[in-house]
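Beneath this line is the structure, given in C-alpha cells, with notes to follow.
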Number of protein chains: 2
Amino acid sequence: MTCTSEYVPQLRARGFRMTSQRLAILHVLRHAGTHLSPSEIYRQAKRDYPGLTEPTVYRTLELLSDIALVRPSYNSSGHLTYEIAGNDHHHIICKQCGSEIEVEHTLLESLYRLLETTSGYRSIGSHVTFFGVCPQCQTS
Amino acid sequence: MTCTSEYVPQLRARGFRMTSQRLAILHVLRHAGTHLSPSEIYRQAKRDYPGLTEPTVYRTLELLSDIALVRPSYNSSGHLTYEIAGNDHHHIICKQCGSEIEVEHTLLESLYRLLETTSGYRSIGSHVTFFGVCPQCQTS
DNA sequence: ATAGTTATTGCAAGAACTTGCAATAAGGAT
DNA sequence: ATCCTTATTGCAAGTTCTTGCAATAACTAT
Ligand SMILES: [Mn+2]
Ligand SMILES: [Mn+2]
Ligand SMILES: [Zn+2]
Ligand SMILES: [Zn+2]
C-alpha cells in the first residue's frame with residue numbers, strides 16, 4: 001500500500017487536497033514509525049521536497065491530527081511530537097530519566113467506557129501519556 | 001494559611017529558596033484556582049513584582065511542577081497551562097468546541113493500579129487530559 | 001550584624017511556533 | 001487540453017518559549 005493510494009482518498013473524503021508537501025510529510029512519518037518533532041519532520045521531509053517551509057509543516061501536522069491520520073503526543077520535556085496513526089496505544093514516561101514504554105489500549109478500555117457513561121462525552125481519544133517513575137529510577 | 005508559610009518549608013525541604021518572584025507566581029496561581037497560561041501568569045504576577053521577567057516565569061513553573069506544587073496540563077489548543085496543586089482530578093476536553101469537564105481521580109484509581117502492576121512504573125501521575133466529543137457536539 | 005556561598009535572576013540572543021495575506025496549484029468542470 | 005474555483009502554500013513578521021552567562025540576593029555560618 002503506497003502513501004498516495006492510501007492517503008489521497010482519506011483526504012478527499014473530507015474535502016482536502018493531496019499536495020507534494022503533505023505527501024512528503026506523511027511519507028516521513030510512515031517510514032519513521034516513531035514519534036517525531038516538527039523540526040525533525042521538517043528536516044527529513046525537506047529532502048523529498050526542498051521547497052518545503054516550516055509553517056507548512058506545522059499546519060499540515062495539525063490538519064493530519066484533526067483527520068486522525070497522525071497522532072499528536074507530548075514527550076518527556078513537554079513538547080509536541082507526532083506519529084503515524086496505527087494500532088491504538090498509550091505511553092508511560094519516567095519523570096526522572098525520560099524512559100518511555102507503550103501500553104496496550106485494551107488496558108484502558110473499561111476506563112473509557114466508564115468515562116463515557118459518567119461524562120456523556122463520546123469517542124474519548126487514544127494516545128494518552130502518563131507520567132511515573134520507572135523501575136530503574138525507583139531503586140536509586 | 002498564607003502562601004509564605006505554606007510554601008517556604010516545601011521549597012526549603014528540597015534545597016530551594018523562596019524568592020519574591022516565586023511567591024508572586026504562587027500567589028497568582030493559588031488565587032486563580034484554574035489553569036493559567038505562562039503569559040497570563042506573567043501578566044498578573046508582574047503586578048505584585050514589576051521586575052519579573054518571562055524567562056523567570058517559565059523556569060519557575062517548571063521547578064514548581066517538578067516539586068509538585070503546581071500541575072501542568074494542556075489546553076484544547078495543545079498549549080501548556082498550570083494550576084495550583086490540590087485535589088486530584090483529570091480533564092476531558094471536547095475536540096470540537098473545546099468545552100472542558102473535570103473527572104474525579106477515584107474513577108482512574110483501578111486503572112492506575114493496573115498500570116503499575118503491568119508496567120512496573122510507580123506513582124503514575126495525576127492530571128491527565130482526555131479528548132472526546134461533548135454531548136452538545138454529538139448532536140450536530 | 002557581616003561576610004561567604006551559591007541558587008536564582010535578568011539580560012540578550014536565539015530557537016520554536018504562529019498568523020495574515022498575496023501568490024500558487026490541486027481538483028473539478030467545460 | 002484549458003479554464004475556474006478556492007484550498008494550500010510561501011513569505012515575512014510577530015509571538016512564545018529557551019538558553020548561556022554575568023549580576024544579584026537568599027540563606028548559612030560566624
Ligand atoms: Mn505513541
Ligand atoms: Mn486541572
Ligand atoms: Zn526512569
Ligand atoms: Zn463540544
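Within every chain, numbering begins at 1; the chains are lettered A, B, ... in the order of the sequence lines, protein sequences first and strands thereafter.
Counting atom types as modelled, R12(A) pairs no side-chain N or O with a base atom of dG28(C) as donor and acceptor under 3.5 Å. One donor-acceptor pair, N or O on each side, does fall under 3.5 Å between the base of dG10(C) and the side chain of R59(B).
With rounding to whole Å, E62(A) atom CD is found 13 Å from dT9(D) atom P.
Closest-nucleotide positions on DNA chain D for V8(B) and L80(B) were compared, and the one nearer the 5' end corresponds to L80(B). Nearest-nucleotide positions on DNA chain D place M18(A) closer to the 5' end than the other of M18(A) and P38(B).
Picking from dA16(C), dA26(D), dT9(D) the nucleotide with the shortest atom distance to the side chain of T56(A) gives dT9(D). Minimum atom distance to the side chain of R17(B) is reached by dT5(C), of the listed dT18(D), dT5(C), dT8(D). Here dT8(C) is the nucleotide among dA26(C), dA26(D), dT8(C) with the atom lying nearest to any side-chain atom of R22(B). Checking dT18(C), dG10(C), dA26(D) against every side-chain atom of T19(B), the shortest atom distance belongs to dA26(D).
For dC17(C), the OP1/OP2 oxygens have no side-chain nitrogen or oxygen of H79(B) closer than 4.0 Å.
Within the 4.0 angstrom heavy-atom criterion, only backbone atoms of the sugar-phosphate kind lie near Y49(A); the bases stay farther away. As judged by a 4.0 angstrom heavy-atom cut-off over every strand, Q21(B) is placed among residues touching the sugar-phosphate backbone only.
For E40(A) and R43(A), the salt-bridge test passes: some basic side-chain N is under 4.0 Å from an acidic carboxylate O.
Under the 30°/60° scheme for interplanar angles, the aromatic rings of H90(A) and H105(A) are found to be tilted. Ring geometry, H35(B) versus H89(B): the interplanar angle falls under 30°, so the pair is classed parallel (tilted spans 30 to 60°). Taking the six-membered ring for Trp and thresholds of 30 and 60 degrees, H31(B) and H27(B) have nearly parallel ring planes, at less than 30 degrees apart.
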